[in-house]
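Written out below as structure tokens is the structure these notes cover.
Every chain is numbered from 1 and lettered A, B, ... according to where its sequence line falls, protein lines coming before strand lines.
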Number of protein chains: 2
Amino acid sequence: MKNYLCDYAQKAEKNIPDDTTASELADFLKIFADMTRIKILYALLDMELCVHDIATILNMEQSAISHQLRVLRQNKLVKVRKEGKSSYYSLNDSHIHEILIRGYEHISE
Amino acid sequence: MKNYLCDYAQKAEKNIPDDTTASELADFLKIFADMTRIKILYALLDMELCVHDIATILNMEQSAISHQLRVLRQNKLVKVRKEGKSSYYSLNDSHIHEILIRGYEHISE
DNA sequence: TGAACGTATGAATTAATGTTCATATGTGTG
DNA sequence: CACACATATGAACATTAATTCATACGTTCA
């Protein structure tokens with residue numbers, strides 16, 4: 001049974017985020033781990049859209065979209081503007097573009 | 001029942017990746033959606049490590065690490081170098097750094 | 001060749017997550 | 001106020017995924 005660590009491995013230990021940070025990071029990146037949410041984010045890249053339009057564009061139920069928008073909203077990736085009967089959603093995070101682009105680059109290779 | 005789309009919404013439609021692309025993208029980003037894998041990736045940021053050392057550093061079972069390394073391997077995020085009894089893993093993707101950094105920036109705000 | 005070590009993997013279990021369905025809340029309009 | 005429209009949400013169901021356990025495979029060395 002080996003419980004020790006080589007010197008170099010001890011260095012690696014320092015790079016690893018603590019449980020709280022790692023967990024927050026995982027939770028954040030988890031948001032991008034879903035096809036529906038990715039599509040929603042892409043739809044919102046250039047403009048704000050109301051729930052109904054997103055559902056129509058993605059050809060999905062309003063309820064499903066609404067649930068996913070809640071996830072995005074709670075994680076501050078999108079923001080809402082209410083006007084009349086509608087809720088207009090738009091992006092709320094500057095890193096989204098970057099992450100989506102890096103991801104796309106990866107699968108394009 | 002509204003089946004039409006406003007002009008601006010039709011533009012949004014063009015940004016949305018097709019199902020295949022969106023699915024691949026989601027699958028790729030899904031890899032980052034787990035605390036264990038994030039820790040492994042951080043551990044490998046500066047150096048290669050064998051399975052046993054990763055398990056020790058993360059204080060987890062060898063089997064769990066091995067399973068996750070397989071996910072990372074299959075998705076080409078890490079590569080293996082076999083030497084003697086050990087398998088040494090290292091990063092295999094230039095976007096990893098960027099994604100982890102963007103994620104960290106987000107949760108730091 | 002047998003024993004120890006390192007790694008990989010299949011099966012089972014448990015936990016987390018996405019979608020649907022039904023329904024509630026809220027807003028504008030006749 | 002009654003009704004249509006837009007959105008939000010709780011519960012149920014189905015699916016996916018992470019970990020553990022047991023074990024197999026591969027390598028080194030006495």
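Rounded to whole Å, atom C1' of D:dA17 lies 18 Å from atom CE of A:M35. Between the C1' atom of C:dT7 and the CZ atom of B:R81 lies a distance of 15 Å, rounded to the nearest Å. In this structure, B:Y88 places its OH atom 8 Å from P of C:dT7, rounding to the nearest Å. B:L72 places its CG atom 12 Å from the P atom of C:dA8, with the value rounded to the nearest Å. Across the protein-nucleic acid pair, A:L69 atom CG and C:dG18 atom C1' stand 14 Å apart, rounded to whole Å. In this structure, B:L49 atom CG and C:dT7 atom P are separated by 11 Å, rounded to whole Å. If you take CG of A:N59 and C1' of C:dT19, they are 14 Å apart, rounded to a whole angstrom. Atom CG of A:D34 is separated from atom P of C:dA16 by 17 Å (rounded to the nearest Å).
Rounded to 10°, the angle separating the first-five-pair axis and the last-five-pair axis of the helix from C:dT1-D:dA30 to C:dG30-D:dC1 equals 10°.
Cluster annotation: B:V71 is not connected to B:F28 through the hydrophobic network of ILVMFWY side chains, with a link wherever side-chain heavy atoms come within less than 4.5 Å. Residues A:F32 and B:M35 fall into different hydrophobic clusters, defined by Ile, Leu, Val, Met, Phe, Trp and Tyr side chains chained together at heavy-atom separations under 4.5 Å.
A distance-only check finds a donor-acceptor pair linking the side chain of B:R37 to the backbone of B:K30 [under 3.5 Å]. Checking side-chain atoms of B:N75 against main-chain N and O of B:L77 turns up no donor-acceptor pair under 3.5 Å. Judged by distance alone, the side chain of A:K82 and the main-chain N or O of A:Y88 form no donor-acceptor pair under 3.5 Å.
Within 6.0 Å of atom NZ in B:K76, 12 or fewer heavy atoms from other residues, nucleotides or ligands are found, so the atom counts as exposed in its surroundings.
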Exercise. Taking protein heavy atoms under 4.0 Å as touching, what does nucleotides 20-30 of chain D look like 5' to 3' if B marks base contact, S marks sugar-phosphate-only contact and - marks none?
Worked result: BBB----BS--
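Nucleic acid contact for B:S66: base, since at least one base atom lies under 4.0 Å from a heavy atom of the residue.
The side chain of A:K82 places no N or O atom within less than 4.0 Å of a non-bridging phosphate oxygen (OP1 or OP2) of C:dG26. The shortest distance between the side-chain N/O atoms of A:R37 and the OP1/OP2 oxygens of C:dG18 is below 4.0 Å. Residue B:Y89 has no polar side-chain atom (N or O) positioned under 4.0 Å from OP1 or OP2 of C:dG6.
Set against C:dA8, D:dT19, D:dA17, the side chain of B:Q68 has D:dT19 as its closest nucleotide.
Comparing B:S86 and A:T36 along DNA chain C, the residue whose closest nucleotide (by nearest heavy atom) sits nearer the 5' end is B:S86.
Between B:L44 and B:Y89, the closest heavy-atom pair is CD2-O, 3.3 Å.
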For this session: Take A:L41 and A:V78 through the test side-chain contact (heavy atoms from CB on, under 4.5 Å) and record every step on the way to the result.
Result: CA-CA 8 Å; A:L41 292 174; A:V78 300; 4.3 Å; yes
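For the side-chain contact (heavy atoms from CB on, under 4.5 Å) with A:L49, the qualifying choice from A:I40, A:I54, A:T56 is A:I54, the only one to do so.
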